[in-house]
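Data block below; observations after.
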Amino acid sequence: MAELLQNPLSMAKACDELRRVIGSGRNIEETEIGQLPYLQAVIKETFRLHPPVPLLLPRRAEKTTKIMDYTIPEGSRVLINIWAIGRDANIWSEPEKFIPERFLVKTVDFKGGDFELIPFGAGRRICPGMPLAVRMVHLVLGVIKPV
Ligand code: HEM
């Protein structure tokens, strides 16, 4: 919501979409989330810039591993800085800007398969609350009333 308030054009687009798909006088329902691509893009863009768990949960290397030119010794504590990944200019154009539209043309999702966007982590320890959290975030943001 803070990003939408600072980006009136994105706010207008989100409100337009809600007005078109949901109308006024009632709130969005869970089954309607799929019909709101711009709202979904706003939420992805927010997770990219502001991941609530910016370093995920710490991992420990079970055995010495080589990744690219780095050697991770057995027993090392490994932190994954998804805050930095979300702002990496090699991955995202204009990474500091709030541009939900980038997700209308990209198929990147946050379900753990696309490592450039993993606000819920990935692999065996991926957030088990993700399905609930994703629905809640869309439903809460989806009640913004069109102006
Ligand atoms: C926007 C909301 C949420 C975000 C961004 C989030 C994010 C995360 C992240 C990044 C992890 C660590 C995953 C990893 O390191 O690979 C995690 C773990 C976890 N989350 Fe969430 N979470 C959210 C909501 C929830 C909710 C609603 C629940 C429960 C109803 C929940 C339950 C858990 C639990 C139990 C773990 C630990 C899993 C494990 O260590 O095996 N989370 N979450």
Side-chain angles (χ1 to χ4, degrees), residues 1-15 17-18 21-22 26-146:
M1 184 56 86
E3 285 289 3
L4 286 179
L5 289 171
Q6 287 178 63
N7 292 278
L9 194 59
S10 298
M11 174 69 100
K13 287 186 182 178
C15 287
E17 184 181 70
L18 284 163
V21 179
I22 312 297
R26 69 180 186 89
N27 283 338
I28 167 181
E29 290 185 16
E30 194 181 319
T31 51
E32 293 166 322
I33 294 171
Q35 300 167 46
L36 298 164
Y38 197 77
L39 186 72
Q40 292 179 48
V42 163
I43 286 164
K44 283 183 185 173
E45 182 68 340
T46 306
F47 279 143
R48 178 184 73 80
L49 282 169
H50 311 289
V53 191
L55 300 178
L56 299 183
L57 296 182
R59 266 77 174 163
R60 193 173 60 84
E62 282 182 355
K63 54 179 187 201
T64 299
T65 310
K66 226 174 154 58
I67 298 178
M68 298 166 79
D69 284 338
Y70 297 93
T71 302
I72 318 286
E74 180 184 339
S76 305
R77 171 166 290 197
V78 180
L79 299 175
I80 297 146
N81 189 343
I82 61 163
W83 184 91
I85 295 172
R87 289 163 190 255
D88 184 342
N90 293 316
I91 304 174
W92 309 99
S93 61
E94 301 188 275
E96 300 293 331
K97 289 199 181 152
F98 184 80
I99 310 177
E101 287 74 10
R102 67 176 91 239
F103 288 107
L104 297 177
V105 289
K106 259 181 188 276
T107 53
V108 172
D109 207 351
F110 48 59
K111 295 186 180 146
D114 299 315
F115 293 130
E116 60 267 58
L117 187 71
I118 47 171
F120 295 95
R124 279 184 294 178
R125 305 303 293 270
I126 193 170
C127 174
M130 177 172 63
L132 172 65
V134 169
R135 282 174 179 78
M136 290 312 296
V137 173
H138 285 83
L139 292 179
V140 169
L141 197 58
V143 300
I144 48 173
K145 287 291 171 217

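Indexing begins at 1, ligand by ligand and atom by atom, following the structure's order.
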Open item on the list: Between Phe103 and Trp92 (judged by ring centroids, cut-off 6.0 Å), do the two rings come close enough to count as a pair?
Closed with: yes

Task: Glu62, CD atom: more than 12 neighbouring heavy atoms under 6.0 Å - done: no

Task: Nearest-neighbour protein heavy atom for atom 2 (C) of ligand 1, which is reported as residue plus atom name and distance - done: Ala133 CB, 3.5 Å

Open item on the list: Considering both backbone and side-chain atoms of Arg124, is one of its nitrogen or oxygen atoms within less than 3.5 Å of a nitrogen or oxygen in ligand 1?
Closed with: no

Task: Phe120: which of Cys127, Pro52, Pro131 passes side chain to side chain contact (heavy atoms under 4.5 Å, CB included) - done: Cys127

Open item on the list: Can you report which non-hydrogen protein atom sits closest to atom 10 (C) of ligand 1, along with the distance?
Closed with: Pro119 O, 3.2 Å

TODO: Give the residue and atom name of whichever protein heavy atom lies nearest to atom 13 (C) of ligand 1, and the separation in Å to one decimal.
DONE: Arg125 O, 3.2 Å

Open item on the list: At under 4.0 Å between heavy atoms, is it the side chain or the backbone of Ala122 that contacts ligand 1, or both, or neither?
Closed with: backbone

Open item on the list: How far is atom 30 (C) of ligand 1 from the closest protein heavy atom, and which atom is that?
Closed with: Leu132 CD2, 3.9 Å

Task: Arg77 side-chain N/O to Arg60 backbone N/O, donor-acceptor pair under 3.5 Å - done: no

- [ ] Could you check which of Pro52, Gly129, Pro51 puts a non-hydrogen atom nearest to atom 5 (C) of ligand 1?
- [x] Pro52

TODO: Say whether Met136 and ligand 1 are in contact under the criterion: heavy-atom distance to a ligand atom below 4.0 Å.
DONE: no

Open item on the list: Please report the interatomic distance CZ(Phe98) to CG(Leu9), rounded to the nearest 0.5 Å.
Closed with: 11.0 Å

Task: Option among Leu104, Leu18, Ile43 that satisfies the side chain to side chain contact (heavy atoms under 4.5 Å, CB included) test with Tyr38 - done: Leu104

Open item on the list: How far is atom 42 (N) of ligand 1 from the closest protein heavy atom, and which atom is that?
Closed with: Cys127 SG, 3.0 Å

Open item on the list: Tell me the contacting part of Arg59 for ligand 1: side chain, backbone, both, or neither, using a 4.0 Å heavy-atom threshold, strictly below.
Closed with: side chain

Open item on the list: Is it the case that the side chain of Asn81 and the backbone of Leu55 share a donor-acceptor pair, with hydrogens and angles ignored and the cut-off at 3.5 Å?
Closed with: no

- [ ] Give the residue and atom name of whichever protein heavy atom lies nearest to atom 4 (C) of ligand 1, and the separation in Å to one decimal.
- [x] Phe120 CE2, 3.3 Å

- [ ] Establish, from distance only, whether the side-chain atoms of Glu30 and His138 form a donor-acceptor pair under 3.5 Å.
- [x] no

Open item on the list: Less than 4.0 angstrom from a charged side-chain N to a carboxylate O is my criterion; do Arg26 and Glu32 meet it?
Closed with: yes

- [ ] Specify the protein heavy atom at minimum distance from atom 12 (C) of ligand 1: its residue, its atom name, and the distance to 0.1 Å.
- [x] Leu57 CG, 3.5 Å

Task: SB check Lys13 Glu101 (cutoff 4.0 Å) - done: yes

- [ ] Please identify which atoms of ligand 1 are closer than 4.0 Å to at least one heavy atom of Gly121.
- [x] 10 (C), 13 (C), 14 (C), 16 (O)

- [ ] From atom 9 (C) of ligand 1, work out which of Val53, Val134, Ile126 has a heavy atom at the shortest distance.
- [x] Val53

Open item on the list: List ligand 1 atoms under 4.0 Å from Pro128, heavy atoms only on the residue side.
Closed with: 19 (C), 20 (N), 33 (C), 34 (C), 35 (C), 36 (C), 38 (C)

